[in-house]
Amino acid sequence: MSTTTAYATCPLCEATCGLEIELTGGEVGSIRGDREDVFSHGFICPKGGSLKALHEDPDRLKTPLVRRDGRLEEATWDEAFAEIDRRLPPLLSEHGRDAVAIYLGNPTVHVLSLALYSRVLVKALGTRNVYSASTVDQMPKHVSSGLMFGTLLSIPIPDVDRTDHLLILGANPLASNGSLMTAPDMRGRIRAIRERGGKVVVVDPRRSRTAEHADEHHFIRPGTDALLLFAMVATLYEEGLVDPGPVAEHAAGVDVMEPLARRFDPESAAPACGIPAGEIRRMARELAAAGSAVVYGRIGTCTQEFGTLASWLVDVLNFLTGNLDRPGGAMFTRAAAGQPNSQGEPGRGRGAALGRWKSRVRELPETFGELPVSCLAEEIETPGEGRVRALVTVAGNPGVSTPNSGRLAAALEGLDFMVSFDVYVNETTRHADVILPGPTPLQHSAYDVAFYQLAVRNVANYSPPVLPPDPGIPDEWVAMLRLVGVVTGQGPDADVAAIDDFVAGEMVRREVGSDHSPIAGRDPGEITAELDGRDGPERMLDLMLRAGPYGDAFGATPGGLTLAALEEAPHGIDLGPLEPRIPEVLRTPSGMIELAPEQIVADVPRLEAAMARERNGGMVLIGRRQLRSNNSWMHNVAPLVKGKDRCTAHVHPDDAERLGLADGAPARVSSRAGAVEVPVEVTDAVMPGVVSIPHGWGHDVEGVRMEVAAAHPGTNSNLLADETAVDPLSGNAILNGIPVELEPA
Ligand code: SF4
């Protein structure tokens, strides 16, 4: 049997590692890192190597399931869509478009067809009840970046490969390989900073793997990052260290910062965050003195009660120290396709779309077209006009991954109808009436249209499917367009190709109709004809690439980027290091960096009040990212869950002694939302007063059809998270700093 080699991009996380896959007789042999990949240079983590096991998982669905007499049973695609057509359109016509909600899970952004066609589905549904994993873990960064720079993806990215000083808060890139910072092999990149004489400082309530590889680690009380960052800003002003450099002329609101920051001097902030005032001052001075430096805050700074304030202050510090938009600082990626801050008029735009509507029950504002997922359970449970009666989930498991997921799981039982795009019957899809499976990562084409926008280097990489589809399983874009046909009144057998042509035609018309597109004014028919021969996500991607900043503009820029060029480059194309983009990158209505957005400044008194809050000495809960875990959905892959139980509660030895907890023995952890039992792991890697439990576990519920996961169920830490508490500006869940009580179980 002949052996061939295929190259692909791993779609499991933001790092976009290149894979080299050996195929013998059409079967997957080994999977290793692609040493020639222009970005990852051979790096791979254990999850990437497990794609073969995921592909061969006997629990993976290979046919739609339809609920009959209360039980999910195998069905044909026609039967599945007949059932959807029988039940969904009547709900829409009787109760309106908002009666159907949609939840988009994390893989939606990594899989090309899901990323592009879930937008089409959302538009066709026409509902305001759009929810996603973004309000679980990252919306604060989108909100602060949107308000400061104009779009949700205008996130300044640490230029890690050139920086002299990296200050990391609430992030563990050695486990995540970067998040809102696409950077394969962060271990190597951090090592390189230190080898060239730079410094890496980690601030985290846990001494994470990243902290162990840093020069310096500071424990911080969960939820107080904004206080630390404000105290550092105050130090810069106190000591005359503010020097924004050339970007100052493009910034508004700079004068607002000094009086604000002076309310948070290090002596006032130190008792709350647990870092001595002298250390805070030293950290600020070192940041200002470094040849180049960058502050990077991630999940711990987002999933807390001051998530947007902390996310904002990260970039305020980058700005005030002169590190915004300069090599070695925080820079803006220039992606090849789909980047909102490369579209429209350079240097000016409509700004962040926030608060255009509110959730029905709690009246929380939408952010960038979606509502906080913390509201979903009450929107299903609460009677009245506008109640959510049906739900579409796309590659998501909110029944595990959202705050107080126990309440949401119960609420799902009250839906009139639920349809899920998923490859498993998991804790969420077990409630569905119809499940529509899709291909595995090895059967998908790959181009990470979202995360190349946040990469530490400008790169582009496309890979065709490595393996053919399973017989009878269409790609999700086909199934999604079939669902679009149903919800737009075309019935269960709508002409998918015609809908796809219409969607692509609309994209072409928008592009040629935009004054600032490189193909502005061109004949739509001519552009459409040039895209002929492709359909689905590849047609959309080719259009986006060719009309993008490196594109061939359909022949107007010979040698420019096309999908065909990427097809000829199996290891990707390196588009160079990050380059300064201010002011061209800005899309704020003022055309300026908004250093002190009104909405954010208005939230500062809440932080001030928290600084003065009495601390009662109680325990608080934080999460924990794990290298072999990918939120909730890789736990049915045996090579990733083998070995000792990793779903444990990390407790400091002093707390363990005080509370009578023994290493390896179960503890009962309770909060306002619920209670769980979890084995204790006594370790001084966690700060006193803090308990850390990883997220994504809890697979021991009835109806789940995932044998390996059921044998390694772990505990669902989100049963402890309070769905009534959110960061008010972003609606993001608060998963860190949850007050809990611990006792021996
Ligand atoms: S770091 Fe992420 S992209 Fe790279 S191999 Fe692991 S899961 Fe895949």
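Counting starts at 1 for both ligands and their atoms, in listed order. For clarity, every value in this text was computed on a predicted model and none was experimentally measured.
Listing protein N, O or S atoms at distances below 2.8 Å from atom 8 (Fe) of ligand 1, with waters left out, gives Cys10 SG.
Aromatic ring pairs are classed by plane angle as parallel below 30°, tilted from 30° to 60° and perpendicular above 60°; the pair His142 and Phe368 is perpendicular.
Listed for the Thr135 side chain is a donor-acceptor partner under 3.5 Å among the backbone atoms of Val373.
Ring to ring, His41 and Phe39 are not that close: their centroids are 6.0 angstrom or more apart. Two rings, from His699 and His635, have their centers less than 6.0 Å apart.
Around CZ of Arg196, the count of heavy atoms belonging to other residues, nucleotides or ligands within 6.0 Å exceeds 12.
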message: I'd like to know whether Arg546 forms a salt bridge (charged side-chain N to carboxylate O under 4.0 Å, His left out) with Asp542, so could you lay out the CA-CA distance, the side-chain angles of the two residues, the decisive distance to 0.1 Å, and finally the verdict.
response: CA-CA 6 Å; Arg546 296 177 73 173; Asp542 198 20; 3.7 Å; yes
